[in-house]
Amino acid sequence: MNIKNALKVQALEWTGVSLKVLDQRALPEQIMFDEYSDVTGVAEAIVSMRVRGAPAIGIAAAYGVVLSVMRHYSNSEGNWKNKVQNDIQKLAKSRPTAVNLFWALAKMQELLDQTTNNPIPVFKQAAIQIHADDIKANQIMGELGADLLGEQQAVMTHCNAGALATGGYGTALGVIRSAYKRGLNKIYAGETRPWLQGARLTVWELAQDNIPATLIADSAAAWLMKSGQLDWIIVGADRIAANGDVANKIGTYSLAVLAKQHAIKVMVVAPVSTIDFAIESGDDIKIEQRNQNELLAACYINDGSVVSAWNPVFDVTPASLITAIVTEKGVVLQPVENGVKHLQ
Ligand code: MRU
C-alpha cells in the first residue's frame with residue numbers, strides 16, 4: 001500500500017527520522033505541518049489536537065514510540081527499554097477515549113518486551129505496518145459500507161471520520177468516498193460543535209476530492225430528518241464495546257435518537273482496532289472532558305464570572321440504536337442482538 005497515494009493532503013507523514021503532522025487546528029484556512037523528532041512533541045500534538053481521530057491518534061503514537069527507540073537506543077543507554085517504557089506511558093496519557101491509542105501502544109509494548117538487538121528497524125517496520133493496515137482496512141470498509149447503502153441514498157455524517165482522522169481514505173468518509181463513485185445522491189455534514197470538525201475538516205476534505213457536501217448546523221439535523229430527505233447517518237467511532245455500544249464524537253447519540261424517531265438507519269464504520277473487547281458495554285468507556293474554554297465566549301474566560309461550561313467531547317450510542325457496524329472483518333447488522341465479540 002502506497003501511503004502517499006491514499007490522500008492528497010495527509011494528516012501524518014513519516015519521513016524515516018521524524019513525524020510530520022498536519023496541524024488540523026489551522027484548517028481550512030492554512031495547510032501547515034509541524035515536524036516532530038521526539039515523543040514529547042508527538043504527545044503534545046495529540047493533546048492539542050493537531051492530530052485527531054481515533055486511528056490517526058493510534059498511528060501517531062506508534063511513530064512516537066519509534067522516535068523514542070531511535071533516541072534512547074542510539075544514545076546507547078543501557079536502560080533504553082525503561083526510557084521507552086516511560087515514553088509509552090506519556091503517550092498513553094494524551095487522550096483517554098480513543099482505544100486505537102492504547103491498541104497501538106500495546107502492540108509497541110509487545111515489541112519492546114521481545115526485542116533485544118537492533119530494535120530500530122523492527123519498531124519502524126511495525127509502525128509503518130500499522131499505518132498501511134489502517135488504510136487497507138478503510139478501503140475494505142468503504143466497499144462494504146457502500147454495498148450496504150445501495151444507490152441513490154442521501155447520507156449525513158458527523159465529526160470528521162475521514163482521511164484526516166485515519167491513516168488515509170477514512171472510515172465513515174471512506175464509505176462516502178466509495179459510495180459517491182457508485183452514485184450516492186446527497187451528502188450532508190453536521191458542523192460538529194464545539195470544535196467544528198464537520199464545518200472545518202469534513203467539507204474541506206471532501207472538497208479536495210471534488211465531492212460535494214452540504215453543511216448543516218448541528219441543530220438542523222432533526223428538521224432535515226423530518227423533511228424525508230435523509231436515508232442514513234454514517235459515523236466513525238472512538239471505542240466500541242463488546243456489546244456493540246459505540247463511543248463517538250459528542251452529538252452522535254442525539255443523532256441516533258433522532259434517527260430512530262424518523263426511521264433513518266445508522267451505520268458505524270470502524271476498524272477492529274477500535275473495538276475494546278475487554279469491556280462489556282459503553283458504561284465502561286471513559287468520556288473525555290475538555291477545557292471549558294473551547295466552549296465559552298472569550299469574554300467569560302478568566303473574568304471570574306459565574307458562567308462555566310460543561311464540555312464532554314464524546315458520547316455513547318447504545319447498540320440498540322445502531323443498524324450496522326461495518327469493520328474490515330465484515331458487517332454486523334443489528335449489533336444489539338449479539339454484539340461484536342465474534343470479530344476478535
Ligand atoms: O475529538 P476528535 O476529533 O479526535 O474525535 C474524532 C471522532 O469522534 C471520530 O468520529 C472518530 O475518532 C472516528 S475517526 C475515523
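Whatever order the structure lists them in is the order used to number ligands and atoms, beginning at 1. Values below: all heavy atoms of this structure, side chains included; hydrogens, waters and symmetry mates excluded.
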Open item on the list: Looking at N100, is its backbone amide N or carbonyl O close enough to the side chain of T274 to form a donor-acceptor pair, meaning the two atoms are under 3.5 Å apart?
Closed with: no
Task: Distance filter under 4.0 Å to A161 heavy atoms, resulting ligand 1 atoms - done: 14 (S), 15 (C)
- [ ] Would you tell me which option among A165, G58, A56, C159 has the nearest heavy-atom contact to atom 14 (S) of ligand 1?
- [x] A165
- [ ] Using a strict 4.0 Å threshold on nitrogen-to-oxygen distance, state whether D238 and K286 make a salt bridge.
- [x] no
Task: For atom 11 (C) of ligand 1, closest protein heavy-atom neighbour - done: D238 OD1, 3.0 Å
Open item on the list: Would you say OH of Y300 has more than 12 non-hydrogen atoms from neighbouring residues, nucleotides or ligands within 6.0 angstrom?
Closed with: no
Task: Within 6.0 Å of NZ in K181, more than 12 heavy atoms from elsewhere - done: yes
Task: Within 45° cone of W195 ring axis and under 6.0 Å: R200 NZ or CZ - done: yes
Task: Y36 six-ring face occupied by K20 cation (under 6.0 Å, within 45°) - done: no
Open item on the list: Any heavy atom of A237 closer to ligand 1 than 4.0 angstrom?
Closed with: yes
TODO: Decide if atom OH of Y188 counts as having more than 12 heavy atoms of other residues, nucleotides or ligands within a radius under 6.0 Å.
DONE: yes
Open item on the list: With the threshold set at under 4.0 angstrom, would you say N248 reaches ligand 1 through any of its heavy atoms?
Closed with: yes
TODO: Could you tell me how the ring of Y73 sits relative to the ring of W80: parallel (under 30°), tilted (30 to 60°) or perpendicular (over 60°)?
DONE: perpendicular
Task: Close N or O approach (F314, ligand 1; < 3.5 Å) - done: no
Open item on the list: Quick test of your reading of the model: are E294 and R193 salt-bridged, counting only N-O distances below 4.0 Å?
Closed with: no
- [ ] Identify which of K249, Q24, R95, E288 has a heavy atom lying nearest to atom 5 (O) of ligand 1.
- [x] K249
Task: Distance-only N or O hit between ligand 1 and T171, under 3.5 Å - done: no
Task: Within-cut-off N or O pair, R52 and ligand 1, under 3.5 Å - done: yes
Open item on the list: Out of all atoms in ligand 1, which are within 4.0 Å of some heavy atom of Q197? Include the element for each.
Closed with: 1 (O), 2 (P), 3 (O)
Task: Under 3.5 Å: N/O of T166 near N/O of ligand 1 - done: no
TODO: For M49, take its heavy atoms, then give the atoms of ligand 1 lying under 4.0 Å from any of them.
DONE: 1 (O), 3 (O)
Task: N or O pair under 3.5 Å between A54 and ligand 1 - done: yes
